[in-house]
Engineer: 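Got a structure for you, questions after.
Chain naming here is simple, since letters A, B, ... match the order of the sequence lines and numbering starts at 1 in each. Everything numeric in this text was worked out from a predicted model, so none of it was measured.
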Number of protein chains: 2
Amino acid sequence: MTRMERANEDLTAKARIRDAALRLFAEQGFEATTIRGVASAAGVSSGLVRHHFGSKEALRDACDVHALDHAMAIKEEAILAGGLADSTFMAAVYPSILLMQRYLARSLVDGSPSAAALFDRMVDLAEQWAQDGRLPTRPDDPRAFAAALVAMQTGLLMLHDQVSRALGADVLDASGHIRLGRAILDIYTHPLLTDDQAAQARAAYDQLQARAPFSSAPSAPAAAGTVTKGPRP
Amino acid sequence: MTRMERANEDLTAKARIRDAALRLFAEQGFEATTIRGVASAAGVSSGLVRHHFGSKEALRDACDVHALDHAMAIKEEAILAGGLADSTFMAAVYPSILLMQRYLARSLVDGSPSAAALFDRMVDLAEQWAQDGRLPTRPDDPRAFAAALVAMQTGLLMLHDQVSRALGADVLDASGHIRLGRAILDIYTHPLLTDDQAAQARAAYDQLQARAPFSSAPSAPAAAGTVTKGPRP
DNA sequence: CAGTCGACTACACATCCGTATAGTCAAATC
DNA sequence: GATTTGACTATACGGATGTGTAGTCGACTG
């Protein structure tokens, strides 16, 4: 049982404040979250938030540290205690993992240095994994591959509301999560282009590379607007 | 030449305000962008912002409409004029496409109804594309597949700053963009798991599905924390 | 018991915000 | 020329924000 799982009344006010802030920052973002809002959610006065954390920025720092520590602590407990096979442990811990991840993902948009450092760390690890020969096909540029993969996975978390709405089911609960997980598995295990198409796309990139600045089709990393043509980035 | 590409001094103050707002909303988010900030960026008084748009929310609405209209107008001009093959056209238009996309992507986090509607539309189109038999392997759940794909691509755009930093190159300029595009192509065309691993993952989802609520490994849509194990969602 | 310390509340303050409003000026119209 | 209209500035206002501060209360220590 980590500290996070204790009933709210077992926590010090400081911890309650930090947890409330973490949740509100994750849900609303840093700017839209007010000190008075955090205080109210924690059931204390705004003066106490000031007493314990000094400033809004320092409160964010504390949340950053906690989110990172917590992610690491869960990982260690899972390894030391064989927790990954203990369904009671995982069922209890999963919601807090999710909140930490959502907080860190939101913080990437809100401009938190700690979240940025974590992103870089994730890319480092994914790059190593891509280089270790564990993939069926080793990528030409493991670094870019890793960065893209981490960003794509993070995007799923950041846009969980949108995905849930589009599916008509909450992807943060069990069945929605399984459904989304299967879809992600399909995306990562089935080629989205035929070999011919892929070869053509690579040739097109070769051509673009050989030219001067920007002289043809944008093929932006598709978001709104281009994905209708398929994953032609 | 669309209106967006005219020199700034050719635009009415109203258009300059709207464009400044669109850019600041995309860069900073809705909450952190102030009316006075928009006015200053547009070179007008805050009273004029009020005069033309009435309220901050209405300004956002106008930006939403403009971003969507603009995305559609570019698409139509490209089709009618054969613009996709005209490198001068694309070179001129690409920056504004990018800004619109960044605005719409940021708006998904900030809670704009128009951006949400566009996301849904993109998912609809991607779902249709997935169902039309154009993929080498047709997904079991085209809807979830489409939603995941759109969210992943959108995430790349939202996190372009982070990706650029991780790669040490700006992914919004030509060479960085090509580099990232190749990596994305690799992710989408090479399976990230062996057939055995994929089958095991699918069996695990079957098991989870057959159980009660949440009784085992989280396999959250990975973001910070789990991608180190590979794309085990 | 008195003093100290930490947790906590209540309130104040300066600044900033979105919104409101009065006034100016130039161009167009009658 | 007089009037109207739209573009525009300057300023004000009420409310919200982050930050600051004084005071209370209970637990602990010497």
Engineer: Write down the distance between CD1 (A:Ile35) and P (C:dT15), rounded to a whole number of angstrom.
Structural biologist: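 Result: 19 Å.
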
Engineer: Please name all residues satisfying ring-ring contact (aromatic ring centres under 6.0 Å, His included) with B:Tyr103, sequence neighbours left out, ordered by chain then number.
Structural biologist: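 B:Tyr103 satisfies ring-ring contact (aromatic ring centres under 6.0 Å, His included) with no residue once adjacent residues are dropped.
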
Engineer: Suppose we screen for salt bridge (charged side-chain N to carboxylate O under 4.0 Å, His left out). Which residues come up paired with B:Asp61, at least two apart in sequence or across chains?
Structural biologist: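 Partners of B:Asp61 under the salt bridge (charged side-chain N to carboxylate O under 4.0 Å, His left out) test: none.
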
Engineer: Rounding to a whole Å, what distance do you find between A:Glu31:CD and C:dC16:P?
Structural biologist: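 Computing the A:Glu31:CD to C:dC16:P distance gives 14 Å.
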
Engineer: Sequence neighbours excluded, which residues qualify as ring-ring contact (aromatic ring centres under 6.0 Å, His included) partners of A:Phe145?
Structural biologist: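 Per chain and number, A:Phe145 pairs via ring-ring contact (aromatic ring centres under 6.0 Å, His included) with no residue.
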
Engineer: Output the rounded distance in Å from CZ (A:Phe53) to P (C:dC8).
Structural biologist: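 One finds 11 Å between P of C:dC8 and CZ of A:Phe53, rounded.
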
Engineer: Name all residues meeting the salt bridge (charged side-chain N to carboxylate O under 4.0 Å, His left out) criterion together with A:Asp141; count only those two or more places apart in sequence or in a different chain, and write none if there are none.
Structural biologist: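 Result, salt bridge (charged side-chain N to carboxylate O under 4.0 Å, His left out) vs A:Asp141: B:Arg179.
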
Engineer: Heavy atoms under 4.0 Å is the rule here; annotate nucleotides 7-13 of chain D 5' to 3' with B where the base is hit, S where only the sugar-phosphate is, and - elsewhere.
Structural biologist: BBBB-B-

Engineer: Kindly write out the residues that satisfy ring-ring contact (aromatic ring centres under 6.0 Å, His included) with B:Phe30, not counting sequence neighbours, or none if the list is empty.
Structural biologist: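 For B:Phe30 the ring-ring contact (aromatic ring centres under 6.0 Å, His included) partners, ignoring immediate neighbours, are B:Phe25.
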
